[in-house]
Amino acid sequence: MPESKIAMTVREPKGDVRIIDIAGELTSFSEPVLAEAYEDADRPGVKTVLLNFSDLDYMNSGGIGLLVTTLIRAQRKSQALGAFGLTDHYRQIFELTRLDEAIGIYDDEQSALKGS
Amino acid sequence: MVSKDDKANWSPPKPHLEVGSAPEGVNAKRVQGRRLTGPQQGFGQLWQKTYKVAISQKTPEQVIATWKAEYGRFWPSHSKFYAPVTGIQPGEVGLIKSTSGPVPLSTGVLVLYSDDVSFCYMTPEGHPFAGFITFSSHVEDPVGTMAQVQLLIRANDPAYEAGMMLFGSKAEDRMWEHTLRSLADYLGSSSPVDTKVVRVDQKRIWKNFNNLKYNGALPWARRSKGPATPPR
(Lines give C-alpha, C1' and ligand atoms only; values in the text may rest on other atoms or scores of the structure.)
Protein backbone atom coordinates (compact mmCIF):
# COMPACT_ATOMS: atom_id res chain seq x y z
CA MET A 1 0.00 0.00 0.00
CA PRO A 2 1.24 3.55 -0.66
CA GLU A 3 2.48 5.42 2.35
CA SER A 4 -0.14 7.59 4.05
CA LYS A 5 0.84 11.27 4.21
CA ILE A 6 -1.06 12.05 7.36
CA ALA A 7 -0.52 12.54 11.07
CA MET A 8 -3.14 12.46 13.80
CA THR A 9 -2.94 13.34 17.47
CA VAL A 10 -5.57 13.03 20.16
CA ARG A 11 -6.37 15.73 22.73
CA GLU A 12 -8.68 15.81 25.76
CA PRO A 13 -10.31 19.26 25.99
CA LYS A 14 -13.10 18.00 28.31
CA GLY A 15 -13.61 14.80 30.26
CA ASP A 16 -16.15 13.34 27.88
CA VAL A 17 -14.79 14.85 24.65
CA ARG A 18 -11.75 13.94 22.56
CA ILE A 19 -10.36 15.85 19.61
CA ILE A 20 -8.45 14.16 16.82
CA ASP A 21 -6.20 16.73 15.09
CA ILE A 22 -5.75 15.73 11.46
CA ALA A 23 -2.77 17.05 9.49
CA GLY A 24 -2.02 16.06 5.91
CA GLU A 25 -3.88 14.08 3.28
CA LEU A 26 -6.97 12.04 4.12
CA THR A 27 -7.36 9.13 1.70
CA SER A 28 -8.32 5.48 1.99
CA PHE A 29 -4.67 4.77 2.83
CA SER A 30 -5.11 6.78 6.05
CA GLU A 31 -7.29 4.02 7.48
CA PRO A 32 -4.74 2.52 9.92
CA VAL A 33 -3.75 5.98 11.22
CA LEU A 34 -7.36 7.05 11.80
CA ALA A 35 -8.25 3.68 13.35
CA GLU A 36 -5.35 4.01 15.79
CA ALA A 37 -6.29 7.60 16.65
CA TYR A 38 -9.90 6.64 17.21
CA GLU A 39 -8.87 3.75 19.43
CA ASP A 40 -6.78 6.21 21.45
CA ALA A 41 -9.74 8.62 21.69
CA ASP A 42 -12.25 5.95 22.60
CA ARG A 43 -11.90 5.88 26.40
CA PRO A 44 -14.60 5.00 28.93
CA GLY A 45 -16.97 7.93 29.43
CA VAL A 46 -16.18 9.61 26.10
CA LYS A 47 -19.44 10.80 24.54
CA THR A 48 -18.15 12.93 21.67
CA VAL A 49 -15.24 12.65 19.27
CA LEU A 50 -14.41 15.78 17.27
CA LEU A 51 -12.33 15.73 14.09
CA ASN A 52 -10.20 18.84 13.61
CA PHE A 53 -9.63 19.49 9.91
CA SER A 54 -7.79 22.82 10.32
CA ASP A 55 -4.54 21.31 9.00
CA LEU A 56 -6.09 19.11 6.33
CA ASP A 57 -4.19 19.52 3.06
CA TYR A 58 -6.27 17.31 0.85
CA MET A 59 -9.07 14.76 0.91
CA ASN A 60 -10.30 12.48 -1.88
CA SER A 61 -13.37 10.26 -2.13
CA GLY A 62 -11.50 7.51 -0.27
CA GLY A 63 -11.20 9.92 2.66
CA ILE A 64 -14.95 10.50 2.61
CA GLY A 65 -15.49 6.73 2.71
CA LEU A 66 -13.17 6.53 5.68
CA LEU A 67 -15.26 9.12 7.52
CA VAL A 68 -18.37 6.99 6.91
CA THR A 69 -16.78 3.94 8.51
CA THR A 70 -15.53 6.11 11.39
CA LEU A 71 -19.09 7.38 11.87
CA ILE A 72 -20.36 3.81 12.13
CA ARG A 73 -17.65 3.05 14.68
CA ALA A 74 -18.80 6.05 16.75
CA GLN A 75 -22.47 5.07 16.47
CA ARG A 76 -21.64 1.55 17.65
CA LYS A 77 -20.14 3.09 20.79
CA SER A 78 -23.08 5.53 21.18
CA GLN A 79 -20.68 8.41 20.62
CA ALA A 80 -21.40 11.56 18.63
CA LEU A 81 -19.01 12.44 15.84
CA GLY A 82 -18.38 16.11 15.00
CA ALA A 83 -16.06 18.09 12.77
CA PHE A 84 -14.61 21.57 12.72
CA GLY A 85 -11.95 23.55 10.85
CA LEU A 86 -13.28 22.59 7.43
CA THR A 87 -12.64 25.00 4.56
CA ASP A 88 -15.67 26.16 2.58
CA HIS A 89 -14.68 23.69 -0.13
CA TYR A 90 -14.68 20.66 2.16
CA ARG A 91 -17.80 21.85 3.96
CA GLN A 92 -19.43 21.80 0.54
CA ILE A 93 -18.18 18.23 0.00
CA PHE A 94 -19.74 17.18 3.32
CA GLU A 95 -23.02 18.68 2.09
CA LEU A 96 -22.73 17.10 -1.37
CA THR A 97 -22.13 13.65 0.09
CA ARG A 98 -24.77 14.32 2.79
CA LEU A 99 -22.25 13.47 5.51
CA ASP A 100 -23.33 16.70 7.21
CA GLU A 101 -26.66 15.01 8.01
CA ALA A 102 -24.86 12.54 10.28
CA ILE A 103 -21.71 14.38 11.41
CA GLY A 104 -22.16 17.67 13.24
CA ILE A 105 -20.24 20.49 11.52
CA TYR A 106 -18.92 23.42 13.55
CA ASP A 107 -17.02 26.55 12.56
CA ASP A 108 -14.27 26.20 15.14
CA GLU A 109 -13.14 24.32 18.21
CA GLN A 110 -14.93 26.63 20.61
CA SER A 111 -18.33 26.17 18.99
CA ALA A 112 -17.70 22.45 18.61
CA LEU A 113 -17.03 22.11 22.33
CA LYS A 114 -20.07 24.22 23.14
CA GLY A 115 -22.23 22.03 20.91
CA SER A 116 -20.91 18.74 22.26
CA MET B 1 3.26 19.12 3.46
CA VAL B 2 2.11 20.74 0.24
CA SER B 3 -1.51 21.67 -0.05
CA LYS B 4 -3.18 20.35 -3.21
CA ASP B 5 -5.90 22.31 -4.93
CA ASP B 6 -8.41 19.54 -5.54
CA LYS B 7 -11.53 21.63 -6.22
CA ALA B 8 -11.60 20.60 -9.87
CA ASN B 9 -11.58 16.94 -8.84
CA TRP B 10 -14.93 17.15 -7.05
CA SER B 11 -18.42 17.54 -8.42
CA PRO B 12 -19.96 20.96 -7.85
CA PRO B 13 -22.93 21.02 -5.44
CA LYS B 14 -25.87 18.97 -6.77
CA PRO B 15 -29.04 19.32 -4.72
CA HIS B 16 -30.83 17.39 -7.50
CA LEU B 17 -29.42 15.49 -10.46
CA GLU B 18 -29.95 16.91 -13.93
CA VAL B 19 -29.86 14.59 -16.93
CA GLY B 20 -29.35 16.03 -20.40
CA SER B 21 -30.52 13.92 -23.30
CA ALA B 22 -30.99 10.23 -22.58
CA PRO B 23 -30.11 7.46 -25.05
CA GLU B 24 -33.05 5.57 -26.55
CA GLY B 25 -34.48 2.92 -24.27
CA VAL B 26 -33.07 4.45 -21.08
CA ASN B 27 -35.55 5.82 -18.58
CA ALA B 28 -33.89 9.00 -17.35
CA LYS B 29 -36.94 9.79 -15.20
CA ARG B 30 -35.46 7.45 -12.61
CA VAL B 31 -32.53 9.84 -12.26
CA GLN B 32 -33.78 13.27 -13.29
CA GLY B 33 -34.44 15.48 -10.26
CA ARG B 34 -33.40 12.81 -7.75
CA ARG B 35 -31.22 13.59 -4.73
CA LEU B 36 -27.95 11.82 -4.05
CA THR B 37 -27.90 9.11 -1.40
CA GLY B 38 -24.81 8.46 0.69
CA PRO B 39 -24.53 5.37 2.88
CA GLN B 40 -26.39 7.11 5.71
CA GLN B 41 -29.40 7.82 3.47
CA GLY B 42 -29.86 4.13 2.59
CA PHE B 43 -31.78 1.42 4.44
CA GLY B 44 -29.90 -1.89 4.56
CA GLN B 45 -26.78 -3.18 6.22
CA LEU B 46 -23.59 -1.35 5.26
CA TRP B 47 -21.08 -3.32 3.23
CA GLN B 48 -17.57 -2.55 2.09
CA LYS B 49 -16.72 -4.69 -0.91
CA THR B 50 -13.24 -4.53 -2.39
CA TYR B 51 -12.26 -6.18 -5.65
CA LYS B 52 -8.74 -5.90 -7.01
CA VAL B 53 -6.47 -7.31 -9.66
CA ALA B 54 -2.78 -6.91 -10.49
CA ILE B 55 -1.96 -5.14 -13.75
CA SER B 56 1.76 -4.88 -13.27
CA GLN B 57 2.57 -3.89 -16.86
CA LYS B 58 0.94 -0.46 -16.52
CA THR B 59 1.23 2.57 -14.26
CA PRO B 60 -1.75 3.58 -12.08
CA GLU B 61 -2.26 6.62 -14.33
CA GLN B 62 -2.39 4.43 -17.44
CA VAL B 63 -4.87 2.05 -15.79
CA ILE B 64 -7.25 4.84 -14.79
CA ALA B 65 -6.96 6.65 -18.13
CA THR B 66 -7.95 3.46 -19.94
CA TRP B 67 -10.69 2.65 -17.44
CA LYS B 68 -12.27 6.08 -17.83
CA ALA B 69 -12.00 6.10 -21.61
CA GLU B 70 -13.39 2.58 -22.10
CA TYR B 71 -15.54 2.26 -18.99
CA GLY B 72 -18.63 0.61 -20.50
CA ARG B 73 -16.58 -1.90 -22.48
CA PHE B 74 -15.64 -3.80 -19.30
CA TRP B 75 -19.20 -4.34 -18.06
CA PRO B 76 -21.03 -7.65 -18.48
CA SER B 77 -23.33 -7.92 -21.49
CA HIS B 78 -26.56 -7.77 -19.43
CA SER B 79 -25.77 -4.23 -18.24
CA LYS B 80 -25.00 -1.10 -20.19
CA PHE B 81 -23.39 2.10 -18.95
CA TYR B 82 -24.07 5.25 -20.93
CA ALA B 83 -21.14 7.49 -20.10
CA PRO B 84 -21.62 11.25 -20.10
CA VAL B 85 -20.93 12.85 -23.49
CA THR B 86 -18.00 14.74 -21.96
CA GLY B 87 -16.57 11.56 -20.43
CA ILE B 88 -16.12 10.65 -16.78
CA GLN B 89 -15.79 14.14 -15.34
CA PRO B 90 -16.79 15.41 -11.87
CA GLY B 91 -20.42 16.51 -11.79
CA GLU B 92 -21.48 14.51 -14.85
CA VAL B 93 -24.23 11.87 -14.73
CA GLY B 94 -23.90 8.41 -16.28
CA LEU B 95 -27.00 6.35 -17.03
CA ILE B 96 -27.35 2.62 -16.47
CA LYS B 97 -29.64 0.03 -18.00
CA SER B 98 -29.49 -3.48 -16.64
CA THR B 99 -31.40 -6.70 -17.15
CA SER B 100 -29.41 -8.76 -14.67
CA GLY B 101 -32.16 -8.92 -12.03
CA PRO B 102 -35.79 -10.07 -12.19
CA VAL B 103 -36.92 -6.59 -13.30
CA PRO B 104 -35.13 -4.41 -15.89
CA LEU B 105 -33.43 -1.52 -14.15
CA SER B 106 -32.86 2.04 -15.33
CA THR B 107 -30.80 4.20 -13.03
CA GLY B 108 -27.68 6.31 -13.01
CA VAL B 109 -24.77 7.67 -11.01
CA LEU B 110 -23.08 10.99 -10.41
CA VAL B 111 -19.34 11.28 -10.98
CA LEU B 112 -18.55 12.56 -7.51
CA TYR B 113 -14.76 12.70 -7.80
CA SER B 114 -12.10 12.12 -10.42
CA ASP B 115 -8.31 12.46 -10.56
CA ASP B 116 -5.43 10.72 -12.36
CA VAL B 117 -5.49 7.61 -10.20
CA SER B 118 -9.12 7.29 -9.13
CA PHE B 119 -12.73 8.20 -9.77
CA CYS B 120 -15.83 7.74 -7.68
CA TYR B 121 -19.56 7.46 -8.31
CA MET B 122 -22.34 8.37 -5.90
CA THR B 123 -25.81 6.92 -6.31
CA PRO B 124 -29.18 8.72 -6.45
CA GLU B 125 -32.56 7.95 -4.88
CA GLY B 126 -34.08 4.90 -6.57
CA HIS B 127 -30.72 3.23 -7.26
CA PRO B 128 -30.48 -0.25 -5.69
CA PHE B 129 -27.69 1.04 -3.43
CA ALA B 130 -27.00 4.16 -1.47
CA GLY B 131 -23.32 4.96 -1.32
CA PHE B 132 -20.05 5.28 -3.15
CA ILE B 133 -18.30 3.20 -5.79
CA THR B 134 -14.61 4.07 -6.03
CA PHE B 135 -12.34 2.95 -8.87
CA SER B 136 -8.65 3.37 -8.21
CA SER B 137 -5.19 2.19 -9.07
CA HIS B 138 -2.09 2.15 -6.90
CA VAL B 139 1.22 0.34 -6.50
CA GLU B 140 1.55 -2.46 -3.96
CA ASP B 141 4.86 -4.06 -3.06
CA PRO B 142 5.96 -6.52 -4.33
CA VAL B 143 3.20 -7.05 -6.89
CA GLY B 144 3.16 -3.70 -8.66
CA THR B 145 0.18 -1.84 -10.05
CA MET B 146 -3.25 -2.87 -8.81
CA ALA B 147 -6.66 -1.90 -10.19
CA GLN B 148 -9.39 -1.77 -7.56
CA VAL B 149 -13.13 -1.26 -7.20
CA GLN B 150 -14.40 -0.50 -3.71
CA LEU B 151 -18.07 -0.23 -2.86
CA LEU B 152 -19.34 1.34 0.36
CA ILE B 153 -23.04 0.71 0.08
CA ARG B 154 -26.34 -0.01 1.76
CA ALA B 155 -29.38 -1.31 -0.11
CA ASN B 156 -31.50 1.78 -0.67
CA ASP B 157 -34.79 0.35 0.59
CA PRO B 158 -36.32 -2.80 2.13
CA ALA B 159 -37.17 -4.36 -1.25
CA TYR B 160 -33.62 -3.95 -2.53
CA GLU B 161 -32.31 -5.21 0.83
CA ALA B 162 -34.34 -8.41 0.42
CA GLY B 163 -33.07 -8.71 -3.15
CA MET B 164 -29.50 -8.22 -1.98
CA MET B 165 -29.85 -10.99 0.58
CA LEU B 166 -31.42 -13.40 -1.90
CA PHE B 167 -29.31 -12.91 -5.00
CA GLY B 168 -28.17 -9.29 -5.41
CA SER B 169 -25.01 -9.44 -3.35
CA LYS B 170 -23.59 -12.40 -5.28
CA ALA B 171 -24.66 -10.81 -8.57
CA GLU B 172 -22.85 -7.63 -7.54
CA ASP B 173 -19.70 -9.63 -6.80
CA ARG B 174 -19.91 -11.36 -10.17
CA MET B 175 -20.39 -8.06 -11.96
CA TRP B 176 -17.34 -6.33 -10.49
CA GLU B 177 -15.19 -9.45 -10.77
CA HIS B 178 -16.17 -9.58 -14.45
CA THR B 179 -15.36 -5.88 -14.86
CA LEU B 180 -11.90 -6.22 -13.35
CA ARG B 181 -11.23 -9.42 -15.27
CA SER B 182 -12.14 -7.63 -18.52
CA LEU B 183 -10.02 -4.60 -17.65
CA ALA B 184 -7.05 -6.81 -16.78
CA ASP B 185 -7.44 -8.80 -20.01
CA TYR B 186 -7.60 -5.57 -22.00
CA LEU B 187 -4.40 -4.33 -20.36
CA GLY B 188 -2.57 -7.63 -20.81
CA SER B 189 -2.79 -9.13 -17.32
CA SER B 190 -4.01 -12.63 -16.50
CA SER B 191 -3.85 -12.23 -12.70
CA PRO B 192 -6.83 -13.44 -10.65
CA VAL B 193 -9.33 -11.04 -9.11
CA ASP B 194 -9.27 -10.86 -5.33
CA THR B 195 -12.55 -10.16 -3.51
CA LYS B 196 -12.93 -9.01 0.09
CA VAL B 197 -16.33 -8.37 1.64
CA VAL B 198 -16.77 -6.71 5.04
CA ARG B 199 -20.06 -5.96 6.77
CA VAL B 200 -19.34 -2.55 8.30
CA ASP B 201 -22.73 -2.06 9.95
CA GLN B 202 -25.25 -4.80 10.60
CA LYS B 203 -27.96 -2.33 11.60
CA ARG B 204 -30.61 -1.21 9.16
CA ILE B 205 -31.74 2.41 9.07
CA TRP B 206 -35.49 2.10 9.55
CA LYS B 207 -36.16 5.82 9.25
CA ASN B 208 -35.25 5.38 5.57
CA PHE B 209 -37.88 2.66 5.03
CA ASN B 210 -39.85 5.07 2.85
CA ASN B 211 -37.09 5.12 0.23
CA LEU B 212 -39.38 2.50 -1.31
CA LYS B 213 -41.26 5.31 -2.98
CA TYR B 214 -38.34 5.82 -5.36
CA ASN B 215 -37.96 2.14 -6.25
CA GLY B 216 -38.66 1.90 -9.99
CA ALA B 217 -38.70 -1.90 -9.82
CA LEU B 218 -41.91 -1.90 -7.75
CA PRO B 219 -45.25 -1.75 -9.59
CA TRP B 220 -46.68 1.29 -7.80
CA ALA B 221 -43.49 3.25 -8.39
CA ARG B 222 -43.16 2.12 -12.03
CA ARG B 223 -46.68 3.29 -12.90
CA SER B 224 -46.18 6.74 -11.49
CA LYS B 225 -44.58 9.59 -13.42
CA GLY B 226 -42.60 10.85 -10.47
CA PRO B 227 -41.78 9.89 -6.91
CA ALA B 228 -44.76 7.93 -5.61
CA THR B 229 -46.13 6.95 -2.24
CA PRO B 230 -46.09 3.23 -1.46
CA PRO B 231 -49.36 1.60 -0.30
CA ARG B 232 -49.91 1.85 3.44
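Not measured: the values here are computed from a predicted model. The sequence lines fix the lettering, A, B, ..., with proteins before strands; numbering per chain opens at 1.
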Are there over 12 heavy-atom neighbours, none belonging to [X], within less than 6.0 Å of that residue's [atom1]?
X	atom1	result
Gln57(B)	CD	yes
Lys203(B)	NZ	no
Glu12(A)	CD	yes
Glu61(B)	CD	yes

Interatomic spacing from [atom1] in [X] to [atom2] in [Y] - rounded to 0.5 Å:
X	Y	atom1	atom2	result
Gln92(A)	Trp10(B)	CD	CH2	11.5 Å
Asn60(A)	Thr134(B)	CG	OG1	8.0 Å
Met59(A)	Tyr113(B)	CE	OH	10.0 Å
Phe135(B)	Ser61(A)	CZ	OG	10.5 Å
Lys7(B)	Ile93(A)	NZ	CD1	10.0 Å
Phe132(B)	Thr97(A)	CZ	OG1	5.0 Å

If you look at every heavy atom in Asp6(B) and His89(A), which pair is closest and at what distance?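 That closest heavy-atom pairing would be OD1-NE2, 3.0 Å.
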Go through it in stages, so that I can follow the logic: the residues are Glu95(A) and Lys14(B), the test is side-chain contact (heavy atoms from CB on, under 4.5 Å), and I'd like the CA-CA distance, side-chain angles, deciding distance and then a yes or no. CA-CA 9 Å; Glu95(A) 288 166 10; Lys14(B) 295 271 176 185; over 6 Å; no
Would Glu101(A) and Lys207(B) count as a salt bridge (charged side-chain N to carboxylate O under 4.0 Å, His left out) if you check the C-alpha gap in whole Å, the side-chain angles of each, and the deciding distance to 0.1 Å? CA-CA 13 Å; Glu101(A) 296 175 19; Lys207(B) 69 175 182 180; over 6 Å; no
Output yes when a side-chain donor or acceptor of Arg98(A) lies under 3.5 Å from a complementary backbone atom of Leu36(B), and no otherwise.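 Checked: pair present.
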Under a 4.5 Å cutoff for heavy-atom pairs, which residue among Pro13(B), Gly38(B), Gly131(B) has the most contacts with chain A?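 Sorted descending by pairs with chain A, the first entry is Pro13(B).
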Between Pro12(B) and chain A, with a heavy-atom cut-off of 4.5 Å, which part of the residue counts as in contact: side chain, backbone, both or neither? backbone
For Ser136(B), which atoms come within 4.5 Å of any heavy atom of chain A: side chain, backbone, both, or neither?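 For Ser136(B), there is no contact with chain A at all, as no heavy atom is under 4.5 Å.
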Residues 66-73 of chain A: residues contacting chain B (heavy atom under 4.5 Å, by number):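 Val68(A), Thr69(A), Leu71(A), Ile72(A) fall under the 4.5 Å cut-off.
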